[in-house]
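What follows is a short report on a single structure.
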Amino acid sequence: MIMLKGIYIHIPFCSEKCPYCDFVSIVDENSDIHKKYIDSILKEIDLYIDEDFSVRSIYFGGGTPSLLKPDLIASLVENISKKVRINNKPEITVEVNPENYRFADFKILKEAGINRISIGSQSFLEKNLKALGRKHSPEDVLKTVESAFKVGIENINLDLIYGITGQSLSDLEKDLKAYISLPVKHISAYMLTAYENTPLGVEVEKGRYLLPDDSLLLDMFKMIDEYLEQNGFSRYEISNWAKGGYQCRHNLFYWEGKQFLGLGVSAWSYVNGVRFGNTNNLRLYLKIVNEGKRPAVFFEKITPEERRKERIFLGLRLSKGIDLDIVKDKMPFIEQIVNEGFAQVKDGKLILTPEGILISNYISSMLI
Ligand code: SF4
């Protein structure tokens with residue numbers, strides 16, 4: 001039995017569906033269901049109680065966890081800690097939308113042990129927020145950071161989206177300036193992606209929403225990387241920068257292939273060499289769990305060969321790169337991408353450059 005160090009809890013509720021989002025989230029649910037859902041999460045964890053837990057990270061992701069009353073999150077954390085062994089200094093993160101929580105809410109979270117907040121800020125420019133279909137204002141982000149910081153939650157992440165229609169390098173610079181002026185320890189910067197099954201994907205397909213070309217995207221990525229590095233942040237993963245010691249433990253567990261338990265609708269787990277995913281259907285999830293059964297419906301046994309592929313695919317996302325040993329049969333291709341400036345070899349590791357990061361999926365597939 002392998003020790004489980006992380007717990008992920010998926011909160012599937014959103015007040016509206018953002019046009020670019022392909023996460024599993026449910027709109028228009030009556031908030032009465034929130035309590036029922038949290039009770040079901042607790043029942044679900046009971047179904048795994050025989051596993052060996054030594055939890056160092058709990059992560060509430062979504063969806064929009066901050067649509068829940070903070071007392072519900074607090075009670076869930078308290079109850080989980082009665083059921084499984086929690087490390088004495090766990091990282092406990094809640095994703096928060098900027099329009100939801102203020103001082104009194106953060107106070108409840110802080111008292112319950114939540115010590116990391118990840119804010120879905122996306123941008124400080126009104127035109128970007130509008131183009132992303134977000135309802136919050138730049139002031140909402142400021143108030144959220146200020147409230148969390150005031151109650152003593154210092155480990156704060158801000159999300160930034162780049163590659164938005166009409167966005168220039170000077171727009172991006174304005175955003176970066178605003179981001180680094182705030183007391184935050186971590187910034188996640190994601191390139192806007194037009195997933196096929198989303199309204200944005202349809203608009204892009206029909207030519208009604210123009211995304212920046214690859215050369216502008218590369219310039220944007222380089223600007224973010226250089227700007228944040230010059231201002232005390234270090235990139236540790238393709239989309240993540242942190243000040244010293246504030247790398248997100250939950251994210252690292254995932255990228256380093258550590259085993260963890262995912263709870264809730266559509267949550268994925270990796271336990272005892274098997275990766276499995278829960279049903280995406282909320283009603284079905286509630287029914288199955290309340291019948292005392294595990295709600296996992298997708299299973300994949302991770303063989304040593306699968307694990308090797310994951311180490312390449314996930315490891316290349318990390319700025320520390322992957323051991324050359326695991327891809328030594330691909331030396332001609334590696335020499336080619338190094339010569340072309342897409343990667344570098346350092347201390348026995350293969351590491352992607354910014355140019356390589358933009359085509360990381362292609363490079364991973366060639367190495368796999
Ligand atoms: S709030 Fe987040 S999870 Fe919900 S629809 Fe928007 S991007 Fe998706």
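Nothing here was measured: the structure is a model prediction, and the numbers come from that model. Indexing begins at 1, ligand by ligand and atom by atom, following the structure's order. All heavy atoms count here, side chains included; hydrogens, waters and symmetry mates do not.
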Practice task
Tell me which protein heavy atom sits closest to atom 8 (Fe) of ligand 1, plus the residue, atom name and distance to 0.1 Å.
Solution key: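 Ranked first by proximity to atom 8 (Fe) of ligand 1 is Cys21 SG, 2.3 Å.
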Exercise for the section: Answer with yes or no after comparing the ring centroid distance for Tyr37 and Tyr285 against a 6.0 Å cut-off, counting only values under it. Expected result: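 Ring centres of Tyr285 and Tyr37 closer than 6.0 Å.
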Exercise for the section: Run the ring-centre check on Tyr8 versus Phe260 and record whether the distance is less than 6.0 Å. Expected result: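 Not under 6.0 Å, so no.
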Problem - Nearest heavy-atom neighbours spanning Ile224 and Leu176 - result: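 Smallest heavy-atom distance, with atoms named: CA-CD1, 4.0 Å.
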Any idea which atoms of ligand 1 are less than 4.0 Å away from a heavy-atom of [X]?
X	value
Cys14	1 (S), 3 (S), 4 (Fe), 5 (S)
Gly63	3 (S)
Thr64	1 (S), 4 (Fe)
Asn97	1 (S)
Glu16	5 (S)

Problem - 2.8 Å cut-off met by an N, O or S atom of Cys18 to atom 8 (Fe) of ligand 1 - result: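 Coordinating: no.
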Practice task
Look at the rings of Trp241 and Phe221 and say which category their plane angle falls in: under 30° parallel, 30 to 60° tilted, over 60° perpendicular.
Solution key: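 Ring orientation, 0 to 90° scale: tilted.
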Practice task
Give a yes or no on whether a salt bridge exists between Lys243 and Glu154, defined as a side-chain N under 4.0 angstrom from a carboxylate O.
Solution key: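 So Lys243 does not pair with Glu154 through a salt bridge.
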Practice task
Select the closest option to atom 2 (Fe) of ligand 1 among Arg134, Lys17, His136, Glu95, judged by heavy-atom distance.
Solution key: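 Shortest heavy-atom distance from atom 2 (Fe) of ligand 1: Arg134.
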Practice task
Identify which one of Val94, Ile114, Ile92, Thr93 satisfies the side-chain contact (heavy atoms from CB on, under 4.5 Å) criterion when paired with Ile58.
Solution key: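 Among Val94, Ile114, Ile92, Thr93, the one that satisfies the side-chain contact (heavy atoms from CB on, under 4.5 Å) with Ile58 is Ile92.
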